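Below is one structure, written out as structure tokens; comments come after it.
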Amino acid sequence: MKVCDLVEKLNLTVFCGEQGINNEVEGAYTSDLLSDVMGNVDEGQVWITLQTHRNIMAIASLKEVAAIILVKGYKPEQAAIDQSNEEGIPILGTDMETFEASGVLFTLLNEEKGKYGAF
Amino acid sequence: MEFVYEVEGGDFTKAGNASSAVKKTLKQLNVSPKIVKRIVVALYEAEVNIVAHAYKGTISVNINQDQIHIVLDDVGPGIPDIDLAMQEGYSTASSKVREMGFGAGMGLPNIKKNVDDLKVSSEVDKGTKVEMKTYL
């Protein structure tokens, strides 16, 4: 599954970093504690959070995540937008709360795995 | 080979820049991706510690055939009780820093998990030195 498929299926807003819209999605991680994300998110995963400042992009870039999803209608700060565009890591948005967004994404990614029998 | 980077205390807009530069260099030197990933986690945490707690610091990265040796040396308040600081969940970060999602008390434990050798030494009101070694 690609980032653009998530955008379509979950009706997400694409704030920035559109060059990365075809990034492959390997899974997801949900957390608002930056050290927790730093220590646990894997390359190619989507990161679900409510943090909107530029440091989320520093982490996204260092860990090479596929995209960031901001929950509850939050919008990224300008500095985060700028870095997202530079790095080609999309920042996406949804009005869903964290629990719901994680649940929907979990279901979607699990269906995908089932379809191709990858796991 | 040695590379040195400067880190400014308090400036969160630049937090991660040095880690990002080191990551690029390690990749160019063909260090295995698995090792690069671990070093990046440890180094970012240590860099953010300087930004969050110290006034300024330097990061020197020394690479030879057998190991990557990184030393972070800061001028700052120092750590009165290093054993306490190493405990997961212990943090002295300000509420402003915590609101940003930093300061969960996971930094030093994260560093320890991701390097082969960690040495933290500190002098109160002078600064802190973090040395991390990764064997290749």
Side-chain angles (χ1 to χ4, degrees), chain A residues 16-17 20 23-24 26-27 29-66 68-72 74-89 91 98 101-102, chain B residues 7 10-27 32-53 85-93 96-115:
Chain A
C16 45
N23 287 350
E24 221 30 79
E26 313 278 348
Y29 194 73
T30 301
S31 182
D32 303 318
L33 290 178
L34 303 188
S35 285
D36 179 45
V37 178
M38 201 58 211
N40 294 294
V41 77
D42 280 329
E43 186 181 336
Q45 289 187 332
V46 169
W47 172 22
I48 301 173
T49 184
L50 50 68
Q51 299 288 355
T52 58
H53 52 81
R54 73 175 296 158
N55 298 93
I56 59 172
M57 278 310 306
I59 288 172
S61 159
L62 286 168
K63 299 291 290 192
E64 298 176 33
V65 306
I68 297 173
I69 299 179
L70 302 183
V71 293
K72 299 200 321 193
Y74 282 112
K75 293 182 175 65
E77 288 176 12
Q78 188 57 46
I81 293 176
D82 294 343
Q83 200 180 340
S84 158
N85 286 330
E86 273 166 37
E87 308 259 355
I89 299 176
I91 302 181
T98 310
S102 302
Chain B
V7 182
D11 187 359
F12 273 93
T13 63
K14 292 182 191 157
N17 285 7
S19 304
S20 178
V22 172
K23 182 184 168 191
K24 270 185 203 134
T25 305
L26 296 181
K27 277 189 158 180
S32 103
K34 218 174 153 182
I35 289 177
V36 175
K37 277 183 191 176
R38 295 183 70 215
I39 287 182
V40 161
V41 174
L43 184 57
Y44 179 76
E45 293 290 0
E47 184 181 352
V48 165
N49 278 348
I50 295 180
V51 176
H53 300 287
M86 290 301 297
Q87 279 178 23
E88 199 145 351
Y90 180 81
S91 175
T92 57
K96 188 176 158 249
V97 169
R98 285 173 203 251
E99 266 168 40
M100 292 172 79
F102 292 111
M106 298 170 77
L108 281 170
N110 251 0
I111 296 173
K112 201 173 179 185
K113 263 178 238 163
N114 285 287
V115 296

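All chains are named by letter (A, B, ...) in the order of the sequence lines, taking the proteins before the strands, and each is independently numbered beginning at 1. All values reported here derive from a predicted model rather than from experimental measurement.
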Do [X] and [Y] come close enough that some side-chain heavy atom pair is under 4.5 Å?
X: B:Lys37; Y: A:Glu43; answer: yes
X: A:Lys75; Y: A:Leu70; answer: no
X: A:Ile91; Y: A:Ile81; answer: no
X: A:Thr52; Y: A:Glu77; answer: yes

Side-chain donor-acceptor pairs under 3.5 Å in residues 33-41 of chain A, sequence neighbours left out?
unit_1  : atom_1 : unit_2  : atom_2 : d
A:Ser35 : OG     : B:Glu45 : OE1    : 3.0
A:Ser35 : OG     : B:Glu45 : OE2    : 2.9
A:Asp36 : OD1    : A:Tyr29 : OH     : 3.1
A:Asp36 : OD1    : A:Asn40 : ND2    : 2.8
A:Asp36 : OD2    : A:Tyr29 : OH     : 3.0
A:Asp36 : OD2    : A:Ser31 : OG     : 2.7
A:Asn40 : ND2    : A:Asp36 : O      : 2.9

Query raised in the report: To the nearest 0.5 Å, what is the distance between CG (A:Asp42) and NZ (A:Lys63)?
Result: 6.5 Å
Query raised in the report: Which atoms of A:Asp32 come close to chain B, meaning under 4.5 Å heavy atom to heavy atom: side chain ones, backbone ones, both, or neither?
Result: backbone
Report summary line: Taking a cut-off of under 4.5 angstrom between non-hydrogen atoms, the residues of residues 96-104 of chain B near chain A are B:Glu99, B:Met100, B:Gly101, B:Phe102, B:Ala104
Report summary line: Checking heavy-atom separations under 4.5 Å from chain A, one finds in residues 108-115 of chain B B:Asn110
Requested in this report: Give me the one residue out of A:Asp82, A:Ile68, A:Asn85 that meets side-chain contact (heavy atoms from CB on, under 4.5 Å) with A:Met57.
Outcome: A:Ile68
Report task. Look only at the side chain of B:Glu47 and the backbone of B:Gly16, and say whether a donor-acceptor pair between them is shorter than 3.5 Å. Result -> yes
Report task. Give a yes or no answer on whether the side chain of A:Asn55 reaches the backbone of B:Phe12 with a donor-acceptor pair at less than 3.5 Å. Result -> yes
Query raised in the report: Under the salt bridge (charged side-chain N to carboxylate O under 4.0 Å, His left out) test, which residues partner A:Glu87, sequence neighbours left out?
Result: none
